[in-house]
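A quick note: this is a predicted structure, and the numbers were derived from the prediction, not measured.
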Amino acid sequence: MLKGKTVVIGVTGSIAAYKMADVASALVKLHADVHVIMTANACNFINPITFESLTSNKCIVDTFDRNFEYDIKHISLARKADVFVIAPASANIIGKIANGIADDMLSTTIMAADCRRVIAPAMNTHMYRNPIVQRNIETLKSYGYEFISPASGRLACGDVGEGKLADVNDIVDNIVKGFIKKDLCGKKIVITAGPTQEAIDPVRYITNHSTGKMGYCLAERAALRGADVTLISGPVSLKAPEGINLINIMSAEDMFNAVTKEAETADIIIKAAAVADYRPVKVSSEKIKKESGGMNDIVLERTKDILQYLGEHKRKGQILCGFSMETENLMENSVKKLHKKNTDMIVANSLKSDKSGFGTDTNVITIITKDDAVSYPIMTKSEAADEILNAILALEDKK
């Protein structure tokens, strides 16, 4: 994903410095060329050899290291960097940069960089809230520096509040998103995810095994690519992606009402949710007591077919994508669904593979349109989401 990209990481003196080993490792796995610059104080918390082992590049500490080949390192690295990240960033380094002080390798290098610059502060909560530190942060923001807000919690000093270094995954995601092409800017995309719950009584309900992972990956990737995303989600245990509009629902009826409302202004609709096909005709207001025999008096009725409705009311130029999960006759049933529901695309995946379907982090999909069907090898659900979005953009070009 980051092949050919150079990431320079600055590490300052903070107990959170050790976390940057995980960040460096994650970026290397994404094929980035990672270079680490450490302040002298950072070396008290983590050894430079750790970063050298992870990145296969010399970890730089001393501005005047005579063991390097002859070039001006703080200039050459600054020119080479596609993104420059300082994490954890102490109050000291923030203050230095904000006031134009360059007296070590890290401060001199970032002063010479004109790439994207990202700072993730980590410090005592009272230091972070100090108006001088806040003024320095605002100064740097005015110069185009980006900030990853610190997390809240118990700090190493025992205080509780803002100041913890942001989560490793958040730092990596922030770095990655800067390289993502914003090819969905100006598009409003409505995505559904997760299961629905159809109440039997106040205790019991009918549902399915959907975890919402595919829909949430679609929402995350679409937002990163610049789309205005509305995610309509059944009950799941997933964290909502940043920068989206989340609408939580419970039942198929809730889903129908939310989707049909949002569809009126949507350019693209992706129906990845596993909506219940049936619901009890009668919902008991009291818990149904357990009897010695079976329960034979729950009568079910069809829920509203949301995809069918959307296909019948599709606006000119609107793209409608549905999902098809089958245990048999995958292609035959999926093609039939494409035409019957008047969709532009169906994403088919089989429950026969343990690498696809509910709850997995990977998927094996076939993207079916009226013109062709393309099968993909096993990939992560995020990768699958990008392929689905690519296919939708290709359909838009044809229209």
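Taking Ile, Leu, Val, Met, Phe, Trp and Tyr as hydrophobic and joining them when side-chain heavy atoms fall under 4.5 Å apart, one finds Val203 isolated, its cluster having no other members.
Legend: side chain to side chain donor-acceptor pair (under 3.5 Å) pairs involving residues 196-207, not counting sequence neighbours, sorted by first then second residue: Thr196-Glu198, Gln197-Tyr205, Asp201-Arg204. Applying the ring pair (Phe, Tyr, Trp, His ring centres under 6.0 Å) definition to pairs two or more places apart or across chains, none involves residues 10-62.
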Throw together a table of side-chain donor-acceptor distances under 3.5 angstrom for residues 233-249, partners on residues two or more places apart or in other chains.
from: Ser233; atom 1: OG; to: Tyr216; atom 2: OH; distance (Å): 2.8
from: Asn245; atom 1: ND2; to: Thr230; atom 2: OG1; distance (Å): 3.4

Under 3.5 Å, which donor-acceptor pairs do the side chains of residues 261-276 form with other protein atoms, sequence neighbours left out?
from: Glu262; atom 1: OE1; to: Lys188; atom 2: NZ; distance (Å): 3.1
from: Thr265; atom 1: OG1; to: Lys188; atom 2: NZ; distance (Å): 2.6
from: Asp267; atom 1: OD2; to: Lys188; atom 2: N; distance (Å): 2.8

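Of all the heavy atoms in Val11 and Ala42, the pair that sits closest is O-CB, 3.3 Å.
A continuous path of hydrophobic side-chain contacts links Ile392 to Met379 [ILVMFWY only; heavy atoms under 4.5 Å].
A distance-only check finds no donor-acceptor pair linking the side chain of Thr380 to the backbone of Thr362 [under 3.5 Å].
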>> Could you go through Ser107 and Asp104, starting from their C-alpha distance and side-chain angles, then the distance that decides it, and tell me whether this counts as side-chain hydrogen bond (donor to acceptor under 3.5 Å, both in side chains)?
In response: CA-CA 6 Å; Ser107 55; Asp104 62 6; 2.5 Å; yes
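Contacts of Asp371 classified as salt bridge (charged side-chain N to carboxylate O under 4.0 Å, His left out), with partners at least two apart in sequence or in another chain: Lys398.
More than 12 heavy-atom neighbours from other residues, nucleotides or ligands sit within 6.0 angstrom of NZ on Lys182.
The existence of a salt bridge linking Glu138 and Arg135 is excluded, since no basic side-chain nitrogen approaches an acidic carboxylate oxygen closer than 4.0 Å.
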